[in-house]
There are 2 protein chains.
Amino acid sequence: MSKRSEIISISKQLIYSKGYQATAISDILTTANIGKGQFYHYFSSKHDLGLAVVEDLVQKWDQKIIIDIFHSSIEPEEKLNIMLDRTIAFHTDNKSGCPMGNLAIEMSEHDEAFRLKIKHYFDRFIKAIELCLDEMIKRGQLDSTTNSEKSAQAMVALIEGGILLAKNQQDINFLKNVIDIIREQYKLT
Amino acid sequence: MSKRSEIISISKQLIYSKGYQATAISDILTTANIGKGQFYHYFSSKHDLGLAVVEDLVQKWDQKIIIDIFHSSIEPEEKLNIMLDRTIAFHTDNKSGCPMGNLAIEMSEHDEAFRLKIKHYFDRFIKAIELCLDEMIKRGQLDSTTNSEKSAQAMVALIEGGILLAKNQQDINFLKNVIDIIREQYKLT
DNA sequence: AAAATTGTACCTAATAGTAGGTACAAAGTA
DNA sequence: TACTTTGTACCTACTATTAGGTACAATTTT
């Protein structure tokens, strides 16, 4: 792993837990055990690093969720099931919430560059679920009156909201319950 | 309005839009047009102010949502409907998201005092919805197999997630769509 | 007068960012 | 082969600014 990606990786962890604004360059320098010169050799500013972190985050989640699961050749209901399983797995013993959701809330209003990168991920996530639901409707697994677009948005909202509640309550069951509701709703085993 | 509540009110707006950490005391002093002595006369620290702001926030929402709506004598399905209407109304032309949700995400992990105050609100909100759903089940308006506790959690999660998406997408329709889904699900007119 | 307010000047620690340099390997040149 | 150049990687020390917070005198209120 190059020094640059190492810095991104460490910063990603810190920003995930503390937020972008609350993460100081000095935190990163200490954790990564590097000097300032090195940092500013690879990144032109804190903002530049922040965007690199989000980009990395988006790219990795895109790979893990959209490419690996939704673009695979398994059955649509199985895709949703696996995605939900992985969501629970990720948030079990992880009290920092959703990396994307946290930044969405922190940065969307005042930083357009951050906002758009995060939006890009949510767009793709919602679209992937929507196509899944469409396929399930086509196969008669779901009521044909189901509005797949709205439903996909709602599913993402449920997940994000469930993660938010679980973080605030410090209780993963809030997320599990919400995911149970999704499974019931869309008749996933 | 006392000077203290005036400072809280102004800080609440700033913290709502920028977040707690990103709001500087100097922002507050400038906006409120007061000096430092005055600020530190009323609050012992920024953290002290922050907690006062959350307390105020919790208390006002408790009044607006739980007392005014859920503790009123109107029909349960009408309570939910009004709550959903007000949610949309609040977030129309308001790009900062959910005051409580924003702070939940920003503060829950690293500040227990903040976390507990916010948790208190979510607990009461969820409980109020749960009792509403129980009443609707009792009246035969909802399937008797409905798990009111889980459903109430899911409803709050949907709302919070919908607000998060609407904020990131800068499009209130994400919240509206999510609320449509809630209304369909619980057969609210 | 006494007590409660409030403004001004200031303190220290921390912030992002810069200046100016070193170490060293790769590439070009004699 | 030996010498020189050049570019990349990195470090330490510094700057300017801002942060939260304090001291205390001046003013208002009771």
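Note that the structure is predicted; figures quoted are calculated from it, not measured. By convention in this document, chain letters (A, B, ...) are assigned in the order of the sequence lines, proteins followed by strands, and residues within each chain are numbered from 1.
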Using side chain to side chain contact (heavy atoms under 4.5 Å, CB included) as the criterion, list what pairs up with A:K12, not counting sequence neighbours. A:V53, A:D56, A:L57, A:K60

Show me the protein contacts with nucleotides 18-25 of chain C, counting only N or O atoms at under 3.5 Å.
none

Which residues pass the side-chain hydrogen bond (donor to acceptor under 3.5 Å, both in side chains) test with B:S148, sequence neighbours left out? B:D134

With sequence neighbours left out, write down each residue that passes side-chain hydrogen bond (donor to acceptor under 3.5 Å, both in side chains) with B:Y40, or none if nothing qualifies. none

Under 4.0 angstrom between B:Q38 side-chain N/O and C:dG7 OP1 or OP2: yes

Does B:F39 have B:K46 sitting over its ring (NZ/CZ under 6.0 Å from centre, angle to axis within 45°)? no

Hey, does A:I66 have a side-chain heavy atom less than 4.5 Å from the side chain of A:Y121? yes

Mind jotting down which residue pairs meet the salt bridge (Lys or Arg N to Asp or Glu O under 4.0 Å) criterion with at least one end in residues 19-36 of chain B? Sequence neighbours excluded, please. B:K18-B:D27

Any pair counted as salt bridge (Lys or Arg N to Asp or Glu O under 4.0 Å), so long as it reaches residues 143-156 of chain B, sequence neighbours left out: A:D180-B:K150

Kindly state each residue pair satisfying ring-ring contact (aromatic ring centres under 6.0 Å, His included) with at least one member in residues 49-72 of chain B, sequence neighbours excluded. B:W61-B:F90

Go through residues 18-30 of chain A and report each residue with a non-hydrogen atom lying under 4.0 Å from DNA chain C, sorted by number. A:T23, A:A24, A:I25, A:S26

Contacts of type side-chain hydrogen bond (donor to acceptor under 3.5 Å, both in side chains), residue B:D48, not counting sequence neighbours: B:S44

Those residues of residues 46-53 of chain B lying under 4.0 Å from DNA chain D by at least one heavy atom: B:K46

Using a cut-off of strictly less than 4.0 Å between a heavy atom of the residue and any atom of DNA chain D, enumerate the qualifying residues of residues 102-114 of chain B by number. none

Applying salt bridge (charged side-chain N to carboxylate O under 4.0 Å, His left out), name anything that partners B:D85, two or more places apart in sequence or on another chain. B:R183

